[in-house]
Structure formats: C-alpha cells, structure tokens
Chemist: 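Below you will find the structure I want to go over with you.
Reminder, nothing fancy here: chain letters follow the sequence lines and each chain counts from 1. The structure presented is a predicted model; accordingly, all values stated were derived computationally and were not measured.
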Protein chains: 2
Amino acid sequence: MEMHDRKLKILYAIVKDYIETADAVGSRTLSKKYNLGISAATIRNEMADLEELGYLTQPYTSAGRIPSDRAYRAYVNYIMTLKKKVHTQDSELKSSFASKVGEIRELLHYSSRILAEITDYTTIALSPHIEECRFKNIQFVRISSEMILAIIVTDTGVVRKPVFKISGGIDSDILQKVSNLLNYKMVGLTLREVEQLLVQEIKHEASVLENIARKIVPELLKTLDKIEEYDLIFSGTTNIFNFPEYNDVVRAKAFLTMLEKKQAIYDLIAAVNNDGISISIGGENDFEEVKDCSLITATFKTDDSIVGWLTVIGPTRMEYSKVIRSIRQVSVFVNDLLKHKY
Amino acid sequence: MEMHDRKLKILYAIVKDYIETADAVGSRTLSKKYNLGISAATIRNEMADLEELGYLTQPYTSAGRIPSDRAYRAYVNYIMTLKKKVHTQDSELKSSFASKVGEIRELLHYSSRILAEITDYTTIALSPHIEECRFKNIQFVRISSEMILAIIVTDTGVVRKPVFKISGGIDSDILQKVSNLLNYKMVGLTLREVEQLLVQEIKHEASVLENIARKIVPELLKTLDKIEEYDLIFSGTTNIFNFPEYNDVVRAKAFLTMLEKKQAIYDLIAAVNNDGISISIGGENDFEEVKDCSLITATFKTDDSIVGWLTVIGPTRMEYSKVIRSIRQVSVFVNDLLKHKY
DNA sequence: TTTAGCACTCAACGTGTGAGAGTGCTAACA
DNA sequence: TGTTAGCACTCTCACACGTTGAGTGCTAAA
C-alpha cells in the first residue's frame, strides 16, 4: 500500500481539522468541510488504510480518527516545503525589538514573552550552561570578611554571581589586584581551560598576588562546578489552559510539573544545534513527560558559539504553520540585534 | 449578642474542621466528631448566632456552614496566643541551611523551596526593588563599541546588570577608571541620592574622568529607572492543584495568572515591615485577585534595612498552625545566617 | 435553656434514554 | 476495478428523573 496523492490530501486535511477542532475527525465531516471531490465512503476506505499505515488512531470503535505523531511529522515536513517567506515587515514588532537593548538574557526574556503572546503557547528561553561559556570579565566583591562574591560575565553576555568563602579573609585592595590579574589570565577561556591553566602555569610562579590567586581560583571553580541552576525563562505558562486537552486538572498539573524539571528540559532543548528551526513531535522526544507535546526551537548564535535557544512548547496538536511563521519572524529580529549590537 | 466561651469553642471547631475537610460543616458532624458536651440542636442555635455575627456563611439553604474571613481572623488571633515555641532542633534542616552560603538571592531561593516543600503550599520570596537599595559596588564591562554592561551590587547583596548605550563609545581603560571613581563616590548611596549628588557635586568639577562620568551616570540612572522587573521567586506553584477548591481549571488558571502580576504581588508583600510574622486573610488584602487567599509573610532584615521577604500563599482555608510553625522555623535559620555571614 | 422530633431543602449520584456522529460492510454502479 | 449509497451497528454525550443523605429551622417538651 503506498501513499497516493489522494491519501496525502486526506491525511493533511485530517491533521488540519484536528489541529483546529481537537475533535476526532469523521469521514462525513471531512467530505462536507473540505471539497476533496470524493464521497465519505471513499474517504472511509482511505482512512482505514491510513490507520493501518500508522498515521491515524481511533479513540474508540465508532469515533472519528486522530492523527498520530507520524501524521504530524508528515504534515510538518509538507508545510516546511511550502511558503518559506517570512514577513519581516511587521514594523511595530521590529521597532519594539530595536528599542530593546540590554543583556542577552533580557533579549531572550523579551523574545520569549513576545513569542508567547503572538502564538498563545508556552515558550521557553534558555542560555548555555556556564560550563560551555568563555569568560569575558571577572570581578570580585567582598561581602563579609571571609565571603567573596564573584561576578562573571561570559562571552555570551550571561552573568553569574557565585559566592564563595576564602579562609583567613582578604583585603579589598589585594582582591582588586587579583581580579585584574585573573581577568588578564582567564579572559577567553572556558571553565575547563582555566582549570588546566591553573595546574600548568600558576603553580610555577610565586608572586604574592599569584599565591592568593592560587587560593581563590580553586574555590571559585569548585563553586561554579556546583551551580546546577539552569537558566530557563518561561512565558505564557498559563496558556496551556486554553487547550481543551488540558481542561483536565490532572493533565494541566502534569504539564506544569514537567516544566519544573529544569535539567531535563535543558537537555532536551540544548541538544538542538541548528541554524534554522528545529521541530520535535511527541514521542520523537526521549523525555517521557513531553510525549504528547511538540517543541519548536530556534537556536541563536554569534559567530560560532550558541548564545541561546527559544522554544515554543504545546500539545502535538499545535498550529505548526502559525508557530513556525512566528518563531521565524522573531528569530530574524533577534539575529539582527545579535549581529549589530554584540 | 456576645461571644460566650462556648460560641468561640464551636467557632474554632468549625474553622478547624473546615480547614481539614474543605466541606461545609454541619451541626451533627460537629457534635459527633468533637465532644463539646452539647447536642447538635444547641450547636445549630449557636451556629445561627455566629452566622448573624458574620463569622459563618452558608453556601445554600440546607448546607453546613463555612467560616468567613472574620472567623479565620479570630482563629488565627487565637492560635497566635498559644504555643510560641519554635522547634529549632531540626538539625537536618539546620545543617542544610548552614551549608548554603551564597548570594542573598540564593538564600531566599533556597528558603522558599524548602518552605514550599515542608508546607505543601506555594511560596514567594522577594528582595527589595533596586530603588530602595544602597550601592555597594559598581563595575562596567564593555560588550560592544557603544554598549556597556553595568554590574551593581547593593548592600543587600542583590545584583543588577543593566545595559546601556554610550554614544561615541569609550575606551576600556578609561571605563575602568571611571568605574573606580564612581565606586568611590556612589558607594553607600541610594539611587535617588546618586541623582542628587550628580546635580550638586559633579557639575562643578571638570577632570577628564568626571566629564565622562557625567556622560555615563545619567544614562545608567535612566536605565535603572526603567527596570520594572520585580525579582519574585516562586516555589511550589503546582501545589495549588492539591487543594479541592482549585480542582476547577478556571480557578487554578486564575490563581496562576494572578501570580504573574508581579508588581501587584510585590506591592502586596513589600508593604509588610514587621519583625515577626505577618498574616493577611482573604479580603483583608486590597488586591482583588487574592480575596480568597491568605498570605503569611516573614520579613528579613540586617541591622535596619530589609533584605527580603518570604511568603506562603494559599487558600484562606490554610493550615495556619502548621504554616506559622514552618515559616518561623525557616526564619530562625535565615536570620541566623544573615546575622553571622553578612 | 437545652434537647428531641419532624418536615423541608438541596446537592450529589446513579440510571436510563435518545440524539448524533461515526464506522464497517455489502451491494450496486460507472 | 474503483467509487458510492445504504444500512445496521457502536459508542459517547447530554439531559431528565428519582433517590439518597446531610443539614437546616421550627416547635414543643423536658
């Protein structure tokens, strides 16, 4: 049994209708609503075929058909071959972005909010974990005799501020000098590289400052190692209540609880390294909790390093067409800003 | 009609039972469950009185009674006169706190998570808005030719990182020197005081650095002024689903949407300036959306300035006794850390 | 003043029924 | 041989209806 053109037409119509209505699609409705030029009975036969091929399922004996993940995948692949054009002419949106200067995290935050608003889905923005980043600037602030706050700016504009302890305490002036020294040595390196540097180089020298640095850096690295905080920014989390499939408190709770598993979500999204838009549908994800969700992710880069991701998450019955259009639109503005301002 | 001792006993029993069961309390149940030494009929009479006095309401003619805000208030006042003792002997909790060194924001975050876990309610932690804080340290980082990232540490340990634009650009070395100068001038002042200083003092001097500072500071202040971001940390947001009154999707959504109105919540909580625990019940709040919620808030201070608040929010039918005990416990640990480490 | 008794009210629950949408199968048709 | 009309059957959903049970208010007796 192959996929005739007619089968595909029917399949796409079913997917489209189900996305729109969230109701199982029947042959009669289909033949009335979309004029496919064939009767309900014929459609029924084709539907039986499509079910056998794994594109459709039936919730109970005499109900209509519901698209499977495979059906959504076929549908998405299909619409991706169509209209590639992006409307970047939305001048209101464009200027609202242009006026948003700020830290990259803020840009991500803003994009995520806008995207949640225009799509009516939940969005997630995130930036790479500090382990993946290069130091751009480091600064120490004494907050008490033995406690030091380090402020680290990475090349991707992310700021982290670990606090660590230095036994015996340290003078403010010295701390300032050490921070200058470390800036000189560490800038441009990743966390791992700093660790190596520490072993190789600093051990051999022995100025007063470097002795102190030798005390501070391991503490700092140890603290950074412990940071398991993933910087996820959610927007439109309550949008999930708009979908009938989440009209059930149990499912709504499951969705919101899933969002709290930050590491899993980070792993899920940060695996994407793609210049365009990446789409994963239901069971295509390994993460059990999102098996009835789809994720559409855009990756943002400057030169070659990733500075963040922006994801739309929603039921597999997602308005792919609209969401893809919106995320492309937002991506254009974000990339523009990244190119010109950073 | 006065509040006899017996009336109070009945009232407290009703409140207690309703908190436990979330079901309207009837006279029969009450007389069976709590042995008050009087019959259901007598209780009925007293209940009618209590309703007239505004302590009880009836959802429909032949249902049991439900406590009003006034009843909860009476009950809370009553339990506050009882057991003031706090168990600070929970050594596991104590040591888990002690091991948490870090920025104040992190301490608040951690406390909020712990409190949500032990109470099973939603908690909110927040720190004062930057306008209220004094500068402790300021540092500039160039992120592109015209864009500068300022990193501000306040006396309460909060870090903010506004990005602003400086037309014409600026050299890294100069920027470093300006930052040293500003540190010297601004430390210990509030945002408003810096503004005044700028007008009064810097105008008269005219060194190269100060000319530059004169260019930078207004930009910085303008950017800070625009920060309307309130730093609220939520934990246990999905706990709301555990309560039968939020088994309705509409109400659950309303609650979660309410949490997104950050400024309103900030205003609500930051109004509390209290050494102990502050409790507000239902309509006692001006904020319409929380009229069927209660908030229990602890304020944290170092010396005299407030460094943060920790709030438990839940239905007015809250386990006040348990929550008050828990928040007191956590407060002791947090205050301990604040006293000894900051 | 307290209590027992009684008639009344109302939500909640289970049952039954009919409407409606949909299916699969069969037989006729182009 | 593929397509269509017709038909019997299935299953959910919505609605009406009666029953149950908890609770009330009132009255009269202790």
Chemist: Is any side-chain N of the basic residue among B:Glu20 and B:Lys33 closer than 4.0 Å to the acidic one's carboxylate O?
Modeler: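 Yes.
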Chemist: Between atom CD in A:Glu51 and atom C1' in C:dG22, what is the gap in whole Å?
Modeler: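 After rounding, the reported distance stands at 13 Å.
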Chemist: Could you tell me whether A:Asp69 and A:Lys291 make a salt bridge, using a distance below 4.0 angstrom between a side-chain N and a carboxylate O?
Modeler: no
Chemist: So A:Thr42, base contact, sugar-phosphate only, or nothing? Heavy-atom distance under 4.0 Å.
Modeler: base
Chemist: Would you kindly give the CD1-to-P distance between A:Ile38 and C:dA30, to the nearest whole Å?
Modeler: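 Between P of C:dA30 and CD1 of A:Ile38: 19 Å.
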Chemist: Going by atom type alone, with no hydrogens or angles, which donor-acceptor pairs under 3.5 Å involve a side-chain atom of residues 310-318 of chain A and a protein atom two or more places apart or on another chain?
Modeler:
| from | atom 1 | to | atom 2 | distance (Å) |
| --- | --- | --- | --- | --- |
| A:Thr311 | OG1 | A:Thr297 | OG1 | 2.9 |
| A:Arg317 | NE | A:Glu245 | OE1 | 3.4 |
| A:Arg317 | NE | A:Glu245 | OE2 | 2.8 |
| A:Arg317 | NH1 | A:Ile19 | O | 2.5 |
| A:Arg317 | NH2 | A:Glu245 | OE1 | 2.9 |

Chemist: Provide, to the nearest angstrom, the distance between the CD1 atom belonging to A:Ile43 and the C1' atom belonging to C:dA21.
Modeler: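 Rounded to the whole Å, the gap is 15 Å.
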Chemist: For A:Ala41, answer base if it contacts any base atom (sugar-phosphate contacts may also be present), sugar-phosphate if it contacts only those atoms, and nothing otherwise; contact means non-hydrogen atoms under 4.0 Å.
Modeler: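 The residue A:Ala41 makes base contact.
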Chemist: What is the separation between atom CZ on B:Arg28 and atom C1' on C:dT3, rounded to the nearest whole Å?
Modeler: 14 Å
Chemist: Measure CG/A:Leu30 against P/C:dG22 and give the value in whole Å, please.
Modeler: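 Atom-to-atom, A:Leu30 to C:dG22, this comes out as 10 Å.
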Chemist: Classify the angle between the aromatic ring planes of A:Tyr230 and A:Tyr266 as parallel (below 30°), tilted (30 to 60°) or perpendicular (above 60°).
Modeler: tilted
Chemist: Among C:dG22, C:dA4, C:dC10, which is the nearest nucleotide to the side chain of B:Ser39?
Modeler: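 Side chain of B:Ser39 sits closest to C:dA4.
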Chemist: How do B:Gly37 and A:Gly26 order along DNA chain C: which one's closest nucleotide is nearer the 5' end?
Modeler: B:Gly37
Chemist: Expressed in angstrom and rounded to an integer, what is the separation of B:Arg44 atom CZ from C:dT2 atom C1'?
Modeler: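 So the CZ-C1' distance, B:Arg44 to C:dT2, works out to 12 Å.
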Chemist: Going by atom types only, do B:Thr237 and B:Thr122 share a side-chain donor-acceptor pair under 3.5 Å?
Modeler: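 Looking only at side-chain atoms, B:Thr122 and B:Thr237 do not form any donor-acceptor pair under 3.5 Å.
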Chemist: Can you check the B:Met47 CE to C:dT3 P distance for me, whole Å?
Modeler: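 In whole Å, C:dT3 P and B:Met47 CE are 15 Å from each other.
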Chemist: Is the phosphate of C:dC8 approached by B:Ser62 (side-chain N or O, under 4.0 Å from OP1 or OP2)?
Modeler: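 False: B:Ser62 side-chain N/O out of range (4.0 Å or more) of C:dC8 OP1/OP2.
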Chemist: According to the interplanar angle, ranging from 0 to 90°, do the rings of A:Tyr18 and A:Tyr72 count as parallel (below 30°), tilted (30 to 60°) or perpendicular (above 60°)?
Modeler: tilted
Chemist: Using a heavy-atom cut-off of 4.0 Å to chain B, what are the terminal contacting nucleotides of DNA chain D, in 5' to 3' order?
Modeler: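 On DNA chain D, the outermost contacted nucleotides are D:dG23 to D:dG25.
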Chemist: Report the relative orientation of the aromatic rings in A:Tyr121 and A:Phe243; use parallel for angles under 30°, tilted for 30 to 60°, perpendicular for over 60°.
Modeler: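 Plane angle under 30°, so parallel.
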Chemist: Nearest whole Å is fine: how far is C:dG22 C1' from A:Tyr60 OH?
Modeler: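 Rounded to whole Å, this separation is 8 Å.
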Chemist: Establish, with yes or no, whether the OP1 or OP2 oxygen of C:dT2 is under 4.0 angstrom from a side-chain nitrogen or oxygen of B:Arg6.
Modeler: yes
